[in-house]
Number of protein chains: 2
Amino acid sequence: MPPPSPRARTASGRAPVHRTPVHRSPVQRIPLSRMAVLDAAIALADAEGIDAVSMRRLAEPLGVVPMALYKHVADKDDLLDGMVDRLIGQFSPGAEADAAAPAIEPGRDWAAAVRSSVLSARAVIQQHPWARRVIETRSRRTPAVLGHMERLTQHFLAGGLSPDLTHHVMHLLGNRIWGFSPELFNAPDSGPAAPERSRPTPDPDPADYPGIIAIATDARARRPEALGCDEEFEFRFALDVLLDGIERLRATGWSSPTL
Amino acid sequence: MPPPSPRARTASGRAPVHRTPVHRSPVQRIPLSRMAVLDAAIALADAEGIDAVSMRRLAEPLGVVPMALYKHVADKDDLLDGMVDRLIGQFSPGAEADAAAPAIEPGRDWAAAVRSSVLSARAVIQQHPWARRVIETRSRRTPAVLGHMERLTQHFLAGGLSPDLTHHVMHLLGNRIWGFSPELFNAPDSGPAAPERSRPTPDPDPADYPGIIAIATDARARRPEALGCDEEFEFRFALDVLLDGIERLRATGWSSPTL
DNA sequence: ACCTGAACACCGTTCAAGT
DNA sequence: ACCTGAACACCGTTCAAGT
């Protein structure tokens, strides 16, 4: 199949997709399973972006009619939940992401354990550009999702944080527990197939935003080779500020105000 | 129009909507404008959830054919950007959200100025349940968006933070600058019209998640009347932890590591 | 047990035509 | 200048039928 080159836009506003249907015979096709469907969906999202993941488009490479997928996933929400669960399954379950690192005893250094858990999540999530947006729009607490939250919760409790404080610091971390930053904005676009939409709106006048210009200029002076922000640095910077703040609350015996 | 009562689901998986088309004559209709379209879209999203905001559904109450909207918004993305911009326009521009509050001099108390700006954003955003999800999926830096970022940036710079540190703390605040928390999960569903989808998946076994149960039990004991988490408390708690952390970085003269 | 065909009720958007 | 009609290329999903 040719690469998804820039496609001319049609009346539909979507790219006209000319796909040659794959007519694999049922004999040579390994029977469909939930895992096969989820892995195909992940591969499709990796290759063409999450918008390409429709039940119809997903059925094609599996050599099957769209409706056949409904035997293996309940609906599209279940498909997306399953995709996320597959990624969570790849997280390093404990703090042993790096075998060379010293063994961490959560009770002795809860912050290192939390840090390691979150960074192991990040290592997986970063490989799938669509994952951030999908996670942000999920609402189901699957066992995989609860499992990751449980591990982090245990690190805090074992480190001597009260259940009260643990509760609030989980909210404080928020979706950073999945290894991505709650960005001011999304990346310019999601997925490799996203075309460059040139908008008619004129660029804003830099003179109106001296503060933003000042920090952008400073950042460019520090990293002349970089085109954008260093997401990896920003994530670790933020995570460490949060962990430092949490340690301070723990050390001073913070508890929530009584009503 | 009757309230959007629970609607039976059809083969489409979407609610079968029986809407009586409004045939307002062009004479009695005030001419369409961008503002009228945006305000109608906001009203529709408030009343029926963001999923109800389609070009076709939006055209109806305006007494117009869907294609007429394209004279006033470039496309659906532009519609969503415009809706967000309308909300940002309602933010209190400075720190003077409360007229009774003492005048804040940014140079003297940058943290109070930032806090006030963010909470004034929150006051607006909280009134529109759809706003969080829409903001999270936007990528265009409109003048309104840049304006809010510029005001916060100016508070930091005026408070004596370096451009370097200001840059990183903006990332640290992340989408909390819009007044919502980067939630672990979304609310169960967006929009008032969302039907209760009962999933076939069995509930997870509480015994598998002792840590989560411990913090949930503790939270319920503290607020017996509450059904969920106190989002307002969590937001302010997190904001204050962040502002404290930032003040500590400022006071110790933090600067980013040189390469 | 698993897959297929046809249909339903929607989408966003372009184009050419109307007033 | 502004709005309309018809069409195109898609969606997710149910149901009854096939193998």
Side-chain angles (χ1 to χ4, degrees), chain A residues 7-19 21-34 36-37 41 44 48-60 62-81 137 193 195 197 199-200, chain B residues 7-19 21-34 36-37 41 44 48-60 62-81 137 193 195 197 199-200:
Chain A
R7 303 185 274 230
R9 303 214 134 234
T10 65
S12 78
R14 298 162 200 194
V17 187
H18 304 293
R19 291 179 295 270
V22 181
H23 285 301
R24 248 179 280 186
S25 81
V27 178
Q28 66 185 106
R29 188 179 68 227
I30 43 169
L32 229 47
S33 68
R34 181 168 230 266
V37 170
L44 180 56
E48 303 195 45
I50 194 66
D51 288 344
V53 180
S54 70
M55 301 305 271
R56 287 167 148 95
R57 296 270 275 109
L58 177 57
E60 265 173 39
L62 291 166
V64 108
V65 99
M67 291 311 101
L69 302 176
Y70 284 84
K71 269 271 111 94
H72 302 99
V73 294
D75 52 23
K76 184 145 189 211
D77 266 346
D78 186 39
L79 174 71
L80 295 172
D81 282 330
T137 55
R197 298 277 254 121
R199 279 193 184 280
Chain B
R7 303 185 274 230
R9 302 213 135 234
T10 65
S12 78
R14 299 165 198 190
V17 187
H18 303 294
R19 291 179 295 270
V22 181
H23 285 302
R24 246 179 281 185
S25 82
V27 177
Q28 66 184 107
R29 188 179 68 226
I30 41 169
L32 229 46
S33 68
R34 181 169 230 267
V37 170
L44 180 55
E48 303 195 44
I50 195 66
D51 288 344
V53 180
S54 70
M55 301 305 271
R56 287 165 148 95
R57 295 270 277 108
L58 177 57
E60 266 173 39
L62 291 166
V64 110
V65 99
M67 291 311 100
L69 302 176
Y70 285 83
K71 269 271 109 95
H72 303 99
V73 294
D75 51 23
K76 184 146 188 208
D77 266 345
D78 187 38
L79 174 71
L80 295 173
D81 282 330
T137 56
R197 300 277 253 119
R199 280 192 183 279

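All chains are named by letter (A, B, ...) in the order of the sequence lines, taking the proteins before the strands, and each is independently numbered beginning at 1.
- One finds a side-chain N or O of A:Lys76 lying less than 4.0 angstrom from the OP1 or OP2 phosphate oxygen of D:dG12.
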When you look at B:Leu79 and B:Leu58, which way does the side-chain contact (heavy atoms from CB on, under 4.5 Å) test go after all the steps? CA-CA 11 Å; B:Leu79 174 71; B:Leu58 177 57; 3.8 Å; yes
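- The CE atom of A:Met67 sits 6.5 Å away from atom CZ of A:Arg56, with the distance rounded to the nearest 0.5 Å.
- Side chain of A:Val64, nearest nucleotide from D:dT4, D:dG12, C:dT4: C:dT4.
- Across the protein-nucleic acid pair, B:Leu79 atom CG and C:dT13 atom C1' stand 14 Å apart, rounded to whole Å.
- When all heavy atoms are compared, the tightest approach of B:Ala41 to B:Val53 is O-CG2, 3.8 Å.
- In this entry the distance linking CD1 of B:Ile50 with C1' of C:dC11 reads 15 Å, nearest Å.
- With C:dA7, C:dG5, C:dC11 as the candidates, the nucleotide lying closest to the side chain of B:Arg57 is C:dC11.
- Per the geometry, CG belonging to A:Leu32 stands 14 Å off C1' belonging to C:dT4, to the nearest Å.
- In this structure, the side chain of B:His72 engages the main chain of B:Leu32 through a donor-acceptor pair within 3.5 Å.
- The side chain of A:Lys71 lies closest to C:dC3 when the candidates are D:dG5, C:dC3, D:dC2.
- Residue A:Met55 is in sugar-phosphate contact alone, with no base atom involved, counting any heavy-atom pair closer than 4.0 Å across all strands shown.
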Represent DNA chain C in dot-bracket notation, 5' to 3'. Only Watson-Crick or G-U wobble pairs with both distances under 3.5 Å count; pseudoknot-style crossings use [ ] and interstrand partners use |. ||.|||||...|||||.||
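- Remark: B:Arg34 pairs with B:Asp78 by the salt bridge (charged side-chain N to carboxylate O under 4.0 Å, His left out) rule, at least two apart or across chains.
- The phosphate of D:dT14 has neither OP1 nor OP2 within less than 4.0 Å of any side-chain N or O from A:Tyr70.
- Nearest nucleotide to the B:Arg56 side chain, out of D:dA6, C:dG5, D:dA7: D:dA7.
- With both ends at atom P, the span from D:dA9 to C:dA9 equals 23 Å, rounded to whole Å.
- Note: CG (A:Leu69) to C1' (D:dG12) measures 11 Å, nearest angstrom.
- Spacing between atom CD of B:Glu60 and atom P of D:dT4 amounts to 13 Å, rounded to whole angstrom units.
- When distances run from any side-chain atom of A:Met67 to the nucleotides C:dG5, C:dT13, D:dT4, the shortest one goes to C:dG5.
- Distance CG (A:Leu58) to P (D:dC10): 16 Å, rounded to an integer number of Å.
- Proximity of B:Leu62 to B:Leu69: side-chain heavy atoms (C-beta onward) are separated by under 4.5 Å at one or more points.
- Of the candidate nucleotides D:dC3, C:dA7, C:dA6, D:dC3 has the atom lying nearest to any side-chain atom of B:His72.
- Atom CG of A:Asp75 and atom P of D:dT14 are 8 Å apart (whole Å).
- Note: CG (B:Asp51) to C1' (C:dG12) measures 15 Å, nearest angstrom.
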